[in-house]
Undergrad: 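Input: one structure, supplied below.
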Amino acid sequence: MAMKKKKGRGISWLKLLLELLVVFAGVTAGFLLNNLREERVNREVEHIYLENLMSNLTADSIEITNHIAANRNNVEISRRAVESFGDDGISADLALGALSVMVTYNDISLQDATYQSIVGSGNLGKISDVEFRMQLIAYYQFLDQVRTVETVHNDYISTYVLPFVMKNMDMTAGRLIENFDPNGIEFKNLTGGYYVLENQKMDMSLELEALNAQLKIRLKSKLETNLKSN
């Protein structure tokens with residue numbers, strides 16, 4: 001009698017496919033959950049940054065307003081002094097007033113701790129709004145320019161103004177020395193240079209004020225959008 005051949009157990013391709021699909025679905029779900037978790041953490045970190053930036057920018061706004069008011073006074077007095085140089089000459093009182101404002105440094109003090117923390121930690125990319133991010137960078141880059149101009153301004157006072165004042169003004173009595181010539185070339189040049197620097201500071205302060213206002217509007221909108229989405 002012929003012997004029957006035993007049938008070998010074949011591979012269950014359907015079962016194997018299902019097992020592979022289960023593994024793939026599990027891995028994919030794990031990646032998706034991890035990405036969602038990371039995205040949620042990023043948004044939370046971003047929101048904290050945005051709130052702190054709003055606090056910094058609001059404080060900056062007050063400081064800039066006060067700074068502009070002080071600068072405007074210095075610009076006005078030095079402008080009047082420069083315009084008074086001529087055939088009639090500048091009065092001693094106006095010369096004294098000009099020298100009095102010329103010895104003031106009047107530096108602006110703005111809050112950049114949050115921005116420096118964001119940049120220093122490499123988290124600038126966590127600011128999801130690209131346009132806002134570019135505005136933020138522009139604001140703080142311009143702030144660096146303002147500080148550079150202030151350094152030049154302060155160096156001018158330290159190098160030229162203060163030595164001149166020490167020689168020509170009685171600081172304790174608040175008056176000019178008797179032989180002071182308010183229409184002398186040295187005083188004219190000194191006042192003219194100061195006026196140019198003060199004007200530059202004023203223009204930059206006004207531009208900084210505009211950038212600050214634009215940034216706060218964008219930031220307020222971003223914070224409101226985040227609150228609605230949570």
Side-chain angles (χ1 to χ4, degrees), residues 56-113 115-116 137-216:
N56 288 172
L57 291 170
T58 301
D60 284 356
S61 180
I62 297 172
E63 174 69 12
I64 294 169
T65 299
N66 294 335
H67 187 69
I68 289 174
N71 264 16
R72 184 170 282 118
N73 177 67
N74 292 359
V75 169
E76 176 61 21
I77 292 176
S78 56
R79 180 192 63 79
R80 286 170 51 205
V82 169
E83 291 179 352
S84 295
F85 294 133
D87 294 336
D88 295 333
I90 186 175
S91 68
D93 286 343
L94 184 52
L96 178 61
L99 283 176
S100 297
V101 301
M102 286 164 64
V103 294
T104 58
Y105 289 91
N106 190 29
D107 289 344
I108 192 167
S109 178
L110 301 183
Q111 309 294 319
D112 63 349
Y115 178 75
Q116 295 300 334
I137 294 171
Y139 177 79
Y140 285 102
Q141 284 181 340
F142 189 73
L143 175 55
D144 287 339
Q145 295 178 39
V146 171
R147 287 170 172 162
T148 299
V149 169
E150 283 193 336
T151 298
V152 174
H153 175 271
N154 293 344
D155 287 345
Y156 184 82
I157 292 176
S158 299
T159 305
Y160 301 105
V161 177
L162 285 177
F164 181 85
V165 169
M166 295 300 290
K167 290 187 300 182
N168 295 279
M169 183 176 176
D170 184 342
M171 300 292 287
T172 57
R175 60 179 177 79
L176 299 170
I177 61 175
E178 291 184 8
N179 61 344
F180 175 74
D181 181 8
N183 292 290
I185 189 64
E186 187 177 2
F187 179 60
K188 287 182 178 180
N189 291 340
L190 194 70
T191 307
Y194 177 83
Y195 175 58
V196 169
L197 287 172
E198 279 298 307
N199 255 332
Q200 185 179 15
K201 280 183 64 179
M202 173 61 77
D203 290 342
M204 296 188 78
S205 295
L206 291 172
E207 186 172 350
L208 187 65
E209 183 180 45
L211 290 173
N212 178 278
Q214 294 168 8
L215 200 53
K216 283 193 300 181

Undergrad: Could you name each residue pair satisfying salt bridge (charged side-chain N to carboxylate O under 4.0 Å, His left out) that touches residues 163-179, not counting sequence neighbours?
TA: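 Sorted pair list: Asp170-Arg175.
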Undergrad: Would you compute the distance between atom CG of Asp203 and atom CD of Glu198 and round it to the nearest 0.5 angstrom?
TA: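 Reported to 0.5 Å precision, the distance equals 11.0 Å.
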Undergrad: Ignoring hydrogens and geometry, is there a side-chain-to-backbone donor-acceptor pair from Asn199 to Val75 under 3.5 Å?
TA: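 The answer is no, because no donor-acceptor pair under 3.5 Å joins these two groups.
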Undergrad: Hey, can you pull the donor-acceptor pairs under 3.5 Å for the side chains in residues 95-104, sequence neighbours left out?
TA:
| unit_1 | atom_1 | unit_2 | atom_2 | d |
| --- | --- | --- | --- | --- |
| Ser100 | OG | Leu96 | O | 2.8 |
| Thr104 | OG1 | Val101 | O | 2.5 |

Undergrad: Can you give me the closest heavy-atom contact between Leu110 and Glu63, atom names plus distance?
TA: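 Nearest heavy atoms, Leu110 then Glu63: CD2-CG, 3.7 Å.
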Undergrad: Please step through side chain to side chain contact (heavy atoms under 4.5 Å, CB included) for the pair Leu190 and Tyr156, ending with a clear verdict.
TA: CA-CA 9 Å; Leu190 194 70; Tyr156 184 82; 3.8 Å; yes
Undergrad: Spell out, as yes or no, whether a donor-acceptor pair under 3.5 Å connects the side chain of Glu209 to the backbone of Ile64.
TA: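 No.
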Undergrad: Using the ring-ring contact (aromatic ring centres under 6.0 Å, His included) criterion, which residues pair with Tyr115? Sequence neighbours excluded.
TA: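 Checked Tyr115 against ring-ring contact (aromatic ring centres under 6.0 Å, His included); matches are Tyr140.
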Undergrad: Which value, rounded to the nearest 0.5 Å, describes the distance between Tyr105 atom OH and His153 atom NE2?
TA: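 The distance works out to 9.5 Å.
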Undergrad: Mind checking side-chain contact (heavy atoms from CB on, under 4.5 Å) for Ala113 and listing every partner two or more places apart, or none if nothing turns up?
TA: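 Listed in chain order: nothing, the list is empty.
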Undergrad: Decide salt bridge (charged side-chain N to carboxylate O under 4.0 Å, His left out) for Glu150 and Arg147; before the verdict, give the C-alpha distance in whole Å, the side-chain angles of both, and the deciding distance to 0.1 Å.
TA: CA-CA 5 Å; Glu150 283 193 336; Arg147 287 170 172 162; over 6 Å; no
Undergrad: Please report the interatomic distance CG(Asn66) to OG(Ser205), rounded to the nearest 0.5 Å.
TA: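 Spacing of CG (Asn66) from OG (Ser205) equals 11.5 Å.
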Undergrad: Can you tell whether the side chains of Glu76 and Arg79 come within less than 4.0 Å, N to carboxylate O?
TA: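 Result for this pair is yes, salt bridge flagged.
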Undergrad: Supply the atom-to-atom distance Gln145 CD to Leu208 CG, rounded to the nearest 0.5 angstrom.
TA: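 Rounded to the nearest 0.5 Å, the CD-CG separation comes to 10.5 Å.
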Undergrad: For the CG atom of Asn71 and the CG atom of Asn106, what is their distance to the nearest 0.5 Å?
TA: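 The CG atom of Asn106 is 5.0 Å from CG of Asn71, to the nearest 0.5 Å.
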Undergrad: Looking only at heavy atoms, which two atoms of Ser84 and Leu94 are closest? And how far apart?
TA: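 Heavy-atom minimum between the residues: OG-CD2, 3.3 Å.
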Undergrad: Taking ring-ring contact (aromatic ring centres under 6.0 Å, His included) as the definition, give me every residue that meets it alongside His67, ordered by chain and number, with sequence neighbours left out.
TA: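 None.
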Undergrad: If you define the side chain from C-beta out and look only at heavy atoms, does anything of Ile157 sit under 4.5 Å from Leu162?
TA: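 Yes. Closest side-chain heavy atoms under 4.5 Å.
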Undergrad: Taking only residues two or more places apart in sequence, or in another chain, which ones meet Tyr139 in a ring-ring contact (aromatic ring centres under 6.0 Å, His included)?
TA: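 If we apply the ring-ring contact (aromatic ring centres under 6.0 Å, His included) test to Tyr139, skipping adjacent residues, there are no hits.
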Undergrad: CG of Leu206 to NZ of Lys201: how many Å apart, nearest 0.5 Å?
TA: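 So the gap between those two atoms works out to 12.5 Å.
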Undergrad: For residues Ile68 and Met202, report the shortest heavy-atom separation together with the two atoms involved.
TA: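 Where Ile68 meets Met202 most closely, the heavy atoms are O-CE, 3.4 Å.
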Undergrad: Going by heavy atoms in the side chains, are Ile90 and Phe187 under 4.5 Å from each other?
TA: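 A side-chain contact under 4.5 Å exists here.
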Undergrad: Is any side-chain heavy atom of Ile177 closer than 4.5 Å to one of Phe180?
TA: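 Counting from C-beta outward, Phe180 and Ile177 do come under 4.5 Å.
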Undergrad: Within the structure provided, determine whether Tyr160 and Tyr194 are in side-chain contact (heavy-atom separation under 4.5 Å).
TA: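 Contact flag for Tyr160/Tyr194 side chains = no.
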